[in-house]
Amino acid sequence: MRFITTALLLLHAVLLPSAGLRAQDLRASDWHGLKLWDNKPAVEWMTEAFPIGNGRIGGMVFGGIQQERIQFNKLSLWTGDEVNTGSYQAFGDIIIDFDDAATSAIPSDYQRVLDLTDAIHRISYTDNGVRYRREYFCNFPDNVMVLRFTSNQAAAYSAAIRLKDAHDARTTAKGTTLTIAGRLENGMDYQATLSIKADGGTVTARPDDTGGYYLDVAEADAITMLLSAATDYSNQREQQWKGEAPAIKVARILASTPKTYQSLLRRHTKDYKALFGRVSIDLGATPAAARHLPTHERLIRYQGADDPELEALIFQYGRYLLISSSRKGGLPANLQGIWNDSNNPPWRSDYHSNINVQMNYWLAEPTNLSECHIPYLDYINSMREVKKEHTQKEYPGVRGWTVRTENNIFGGESFSWNTPGSAWYAQAIWEHYAFTRDENYLRHFAYPIIKEVVEFWDDHLKRRDDGTVVAPMGWSPEHGPVEDGVSYDQQIVWDLFTNYIEAAGVLNVDRAYRDHILDLRERLLKPKIGRWGQLQEWETDRDDPDNKHRHVSHLFGLHPGRQFSLSETPELAKAAKVSLLARGDASTGWSMAWKMNFWARLHDGDHAYQILRNFITPVGGSGIDYKEGGGIYANLFCAHPPFQIDGNFGYTAGIAEMLVQSQTPAIEVLSALPMKWPTGRVGGLRARGNFEIEDLQWRDGKIVSITIRSLSGEDCRIRVPNALKASRGVNAESGAQQYIYSFKTKKGKRYSFYAAE
Ligand code: FUC
């Protein structure tokens, strides 16, 4: 029996008078650690090149000495239409052949470094006595990729600069710009223009051997290049998905770009740091010798040694990748984020609705990147009308809409119908409100979308004679029979209805319909516990304990759903654990990331950590043999394999879940802390109810101090691993191995707690 005492303790709370502790206050090593780097240029696109991006344009930088290559993308360059799915396309390459590269050997001081703190990729080396430096970044405010090459010697740069189309457009030259412009088979127009400014020296257009042109730079002191890329895509279906011509967009972007490199740099770092700098993390220190190893060597060392700073680096890399591939006003991150070098990429580099696009956004709210969530929410909104037409054809007579598994940017779709897909989308729509408490957003944007998806299920659900309600003819991704009452469907519909009921309650609208959905939710076929104690994947108790399938869809209710939890439904949580143990730890990249989240929700930090370690297994490319299983590449991209970005995002979300959870009525702090992180600190994570865990420090697995900022003034309840000093007005419930504190808050105020002696 749990023993609970409730007391109003009289010790006084400390309200911090000034701004709380921020990332900058953390020890220096956290920041030095936030770099990916290598001592040689990249050879392989997928495993070695480093990514940069601004949510519109993405680039993969190779860093060659004789030849530099930057492969680039634009997130809206797609084939397909409303009928055909098509695929995400490669855009082109910037190729720079340096005339003066003296040697084919790699200089001993060569470094290419991707710094996550300012999102700048830097290359430096000495060749033939000349010290070369290059900087690369994708600037969001001005929507350009910027490259700047300098050296310590006058006239050091002579190079042929090419802009190559990944389709078949020829390159044209005008003054000191190169342009590629073309039309895809679906009628989509695109253009990219590279504008080159040489300090000193000359720039001359010359014909290349394809009938196009390149620019020949001779004896420049420095070179600055700006790449602007656009398509005529618009996310407005009423405009047939077409907006302004790319030539107009590109001309406007280049005309309005700040004139100096310094101002482009300043505007970039200010914009980027405002997002990235919100969360800092310290999971323990790594020996300096390991910290300074090139990233791929560090990965290899990690197989037999601890490196908590690498674990933290990969956490922050997920945040870096989201900021780089998903910015307000643009499209969401796809299967490869924004980076793709193929016109026929794996799984079309699409929006996959049965786990992948959802996983891409699990980190957005908890790791304080709410703005980066918006492209996904806007995308869902933009799809509604076309999806309604498709859904009507497949399921005549229903209201609302749903989706198939593979999806493009025009509503085109393929592979099997994924009937709970739109309900899973609706979870993200709800979660943005759950974290931000933006009632205006809930009323005008979220509620109408959630409601129409609810209507789809209201019409599509099958009422059985015994009163139970089941989703008809569903498929647990991507195995087993097609039949009624599949757990994946049942749990996602439960989640949708729960979100709807809460939304209608907050807005105080549609009371009668809300009651109807409440009733329907109660009658949904419930989760079942099977013959070996497992949470059943199907209504029939046929789960095979040897089934290792990567999808673990029947545990949706544990994560990302909130139907089962240790505190509210311990029996179901226990059954989920039995299922998870049977599924095993090894799997593809994203599947491992999901399992980290599951184990965090089961408050088993050590098991979550074990999977985290498996996730950080180097595969492909550098150093270690390619393995069949998932892992990570030398550039820290997650290997499904091949590269799939969902695993990176799911990993980051998993660490956030290990430290702070908020899907139950209390904010759970350090409920899944592994033994391997006895002492640490995290700042800036968010919890539902619009709280920011501004600073959290722990030692020996116990909280030393925690500061919570209340941004909406809601009541706060926290569950922590040890007793805290509590002030007047703080209600403390303590029982066997648990400490719960609840208190009223005022909007904008901070609440700090310290460990009781
Ligand atoms: C799902 C998964 C595959 C892959 C694909 C993109 O269908 O089953 O493993 O991740 O999406």
Side-chain angles (χ1 to χ4, degrees), residues 46 78 80 85-89 318 321 325 331-342 344-362 376 379 402-409 412-422 424-425 428 474-482 486-489 492 537 547-556 559-560 583-598 611 614-615 617 619-620 626-633 637-651 653-654:
M46 187 170 66
W78 268 81
T85 316
S87 60
Y88 182 46
Q89 300 291 289
L321 292 172
S325 61
L331 284 160
N334 62 40
L335 277 178
Q336 296 182 171
I338 193 170
W339 301 280
N340 168 38
D341 70 339
S342 166
N344 186 20
W347 293 287
R348 310 165 190 273
S349 194
D350 73 347
Y351 298 103
H352 239 70
S353 71
N354 67 3
I355 176 71
N356 318 90
V357 70
Q358 291 91 343
M359 185 180 284
N360 281 5
Y361 286 90
W362 288 349
Y376 178 40
Y379 168 77
T402 192
V403 294
R404 289 179 184 253
T405 303
E406 301 180 323
N407 295 275
N408 70 14
I409 61 171
E413 53 195 323
S414 45
F415 197 54
S416 64
W417 279 91
N418 175 28
T419 39
S422 61
W424 198 342
Y425 287 176
W475 189 37
S476 196
E478 296 180 6
H479 65 153
V482 173
V486 170
S487 301
Y488 165 71
D489 296 0
I492 296 179
E537 187 156 1
N547 181 352
K548 306 289 179 207
H549 201 276
R550 62 193 177 282
H551 284 271
V552 201
S553 315
H554 53 315
L555 304 191
F556 173 94
H559 181 279
R583 252 338 193 249
D585 295 348
S587 201
T588 59
W590 63 257
S591 180
M592 286 194 279
W594 199 358
K595 288 171 185 169
M596 281 173 64
N597 286 272
F598 285 134
I611 296 174
N614 296 347
F615 182 95
T617 299
V619 294
Y626 185 85
K627 295 204 322 183
E628 277 300 307
I632 206 160
Y633 297 121
F637 269 169
C638 178
H640 174 283
F643 162 47
Q644 218 171 275
I645 206 160
D646 40 18
N648 286 100
F649 293 140
Y651 168 96

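One-based numbering along the sequence shown. Only heavy atoms go into these numbers, but all of them, side chains included; no hydrogens, no water, no symmetry mates. One-based numbering, in listed order, for ligands and for the atoms of each. Bear in mind the structure is a predicted one, so any value in this text is a computation, not a measurement.
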Exactly one candidate in Trp362, Trp594, Phe615, Trp590 meets ring pair (Phe, Tyr, Trp, His ring centres under 6.0 Å) with Tyr651; the answer is Phe615
(message) Is it true that Glu406 and Thr85 share a donor-acceptor pair across their side chains at a distance under 3.5 Å?
(response) no
Ligand 1 atoms nearer than 4.0 angstrom to some heavy atom of Leu335 are 6 (C)
Rounding to 0.5 Å, atoms CG (Asn334) and CH2 (Trp78) come to a distance of 6.5 Å
ask   = Just checking, any donor-acceptor pair under 3.5 angstrom between side chains of Asn418 and Ser353?
value = yes
Q.
Just by distance, no angles: are the side chains of Thr405 and Ser416 close enough, under 3.5 Å, to form a donor-acceptor pair?
A. yes
In this structure, atom 2 (C) of ligand 1 is nearest to the protein heavy atom His551 NE2, 3.4 Å
Tell me whether His640 has any N or O atom under 3.5 angstrom from an N or O of ligand 1. yes
So the atoms of ligand 1 within less than 4.0 Å of a heavy atom of Glu478 turn out to be 1 (C), 2 (C), 7 (O), 8 (O)
Query - Polar atom proximity, Asn356 to ligand 1 (N or O, under 3.5 Å) - result: yes
